[in-house]
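Letters go in sequence order (proteins before strands), and every chain restarts at 1.
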Number of protein chains: 2
Amino acid sequence: MAESHARNTGAHFVYGELKRRILSLELEPGERIYEPAMAAALQVSRTPLREAIRRLISENLLEQQPTGGVVVPVLDDAAVSELYDVRAALESLMAREACAKATAADIERLHGILERNAATAAFADEAMKYGVALHAAIAGIAGNSWARRFHEQVSSHMQRYRHYTNNTQERRDQALADHRILVEAVASGKPDEAARIAFEHVIGARDEALRAISGGTSASSGSTPAAK
Amino acid sequence: MAESHARNTGAHFVYGELKRRILSLELEPGERIYEPAMAAALQVSRTPLREAIRRLISENLLEQQPTGGVVVPVLDDAAVSELYDVRAALESLMAREACAKATAADIERLHGILERNAATAAFADEAMKYGVALHAAIAGIAGNSWARRFHEQVSSHMQRYRHYTNNTQERRDQALADHRILVEAVASGKPDEAARIAFEHVIGARDEALRAISGGTSASSGSTPAAK
DNA sequence: CAAACAATACTTGTATACATCTATACAACC
DNA sequence: GGTTGTATAGATGTATACAAGTATTGTTTG
């Protein structure tokens with residue numbers, strides 16, 4: 001899902017492994033990474049490890065401190081809003097671009113994904129999966145490699161905050177409804193409308209996440225009624 | 001303009017130097033970079049050079065070939081459109097966010113920049129400078145570090161295509177007019193309008209660039225009348 | 001006893017040496 | 001003659017050794 005054609009090099013393996021540990025919070029936010037120890041743990045020398053670290057820094061998945069150390073960025077509630085906003089802008093753009101480029105076959109594929117999305121709306125994992133698939137399909141149709149690249153970075157990073165998001169049945173139903181009218185707009189070639197729908201779709205998710213954060217600070221269980 | 005707090009390390013110097021050469025086309029598109037030769041030319045060992053190269057790869061300013069070599073990406077007309085689109089989406093977002101966060105002092109600053117922009121609209125360099133300053137100010141008000149980061153990357157990359165863009169008097173006048181109503185929208189707190197203006201502003205520049213490309217293929221001299 | 005200083009341990013940054021892999025040129029064979 | 005195989009030259013990937021800078025500890029001094 002990350003890189004299209006990756007060479008089978010040690011540095012690449014280390015990159016993937018570190019990224020996984022960062023996103024899964026296995027490497028705790030704020031934790032410092034010491035090169036010798038980490039290199040030993042991953043059974044490589046410092047050289048490929050450093051390359052992986054540098055790459056992760058430039059993707060904002062690690063942070064270089066002015067003094068010279070490298071730390072896992074701390075979780076920051078304010079960043080959640082920023083990430084959602086950027087994601088909204090990018091998905092909105094891609095939805096707009098997809099309108100102009102979608103072929104009949106593309107529309108067919110979107111409808112197919114939508115059906116499976118609807119069929120599995122009751123199951124969190126499956127619904128999430130097809131939601132992601134739908135966005136990926138739209139991104140593919142849009143064909144804007146820069147937008148896709150940035151979107152992947154943002155999406156990756158958001159995984160660190162996934163404990164905040166309550167994936168409720170309500171949310172899934174709303175998402176499905178949004179997806180329906182989004183595909184509708186793309187199919188009928190209405191770029192402005194598609195862009196608006198995609199934007200507001202993500203903003204809706206953002207607002208719900210923000211309510212979850214300000215309400216129960218941790219990954220609360222039930223559905224916080226969300227008073228506005 | 002690039003990095004806020006950069007450590008005074010060799011790898012960082014190499015990064016800046018390589019980036020400059022890539023953006024200025026001093027390193028020609030398609031050219032391959034051989035580490036030993038480049039390291040010798042820059043008077044460093046391969047180690048810091050490789051770190052700089054890796055970073056530039058992850059910023060899309062260099063390209064790793066499946067076989068293992070590293071090349072300067074070729075100029076691609078299709079990329080111009082993509083870059084403008086992403087820039088439009090990001091500036092649009094930041095304009096929207098700026099509406100909610102701008103203080104009276106911020107508005108004052110925007111007006112100040114606007115005045116200097118207007119006063120220098122006849123001079124390409126100056127007008128460009130204040131245009132950039134205006135966008136930077138809005139980005140600062142928006143305060144979305146991710147959007148700003150991506151925007152910087154896109155803006156940097158677009159420098160490689162600057163030979164395509166005809167900076168005509170017409171364009172500068174149009175840009176100034178756009179900037180005026182954009183600041184107006186931000187000042188009066190109309191996020192949707194500000195977002196729309198910012199978006200269309202960049203799209204307008206994009207369309208003009210695309211006309212310049214499809215018209216005179218190279219960096220043509222005069223103003224191509226731009227028939228639609 | 002607190003504060004400043006010095007010495008030490010350790011981490012990062014860099015250079016170099018080595019191993020692995022790729023590409024190219026030449027030769028042999030079909 | 002074209003194609004395939006092979007050898008060789010060279011580039012990339014990795015490991016290790018070294019230099020430079022940072023933090024921490026202990027000591028000394030006001």
Check your understanding: Between atom CG in A:N8 and atom P in C:dT22, what is the gap in whole Å?
Key -> 11 Å

Review point. Charged N to carboxylate O under 4.0 angstrom, B:R21 versus B:E17?
Key: yes

Exercise for review: Can you tell me the distance, in whole Å, between the CZ atom of A:R50 and the P atom of D:dG13?
Suggested key: 17 Å

Check your understanding: Base, sugar-phosphate, or nothing: which does B:T67 touch, judged by heavy atoms less than 4.0 Å apart?
Key -> sugar-phosphate

Practice item. Side chain of A:R46 only, please: which of C:dG13, D:dA15, C:dT11 is the nearest? Key: C:dG13

Exercise for review: Answer yes when B:R116 and B:E126 have at least one side-chain N-carboxylate O distance shorter than 4.0 Å, and no when they do not.
Suggested key: no

Study note, to complete from the structure: When rounded to whole Å, the CD to C1' distance for the pair A:Q65 and D:dT22 reads 12 Å

Review point. Within this structure, what is the CD-to-P distance between A:E51 and D:dA15, rounded to whole angstrom?
Key: 11 Å

Practice item. For B:T47 and for B:E35, find the nucleotide of DNA chain D with the closest heavy atom, then tell me which residue's nucleotide is more 5'. Key: B:E35

Check your understanding: If you measure from the Lys or Arg side-chain nitrogens to the Asp or Glu carboxylate oxygens, is any gap between B:K101 and B:E97 under 4.0 Å?
Key -> no

Check your understanding: Hey, are A:H179 and A:N117 close enough side-chain-wise for a donor-acceptor pair under 3.5 Å?
Key -> yes

Review point. What nucleotide, of C:dT16, C:dG13, D:dG13, holds the atom closest to the side chain of B:S45?
Key: C:dT16

Review point. A:Q64 CD to D:dG21 C1': how many Å, rounded?
Key: 14 Å

Study note, to complete from the structure: Side-chain atoms of B:P48 come closest, of C:dT14, D:dT12, D:dG13, to C:dT14

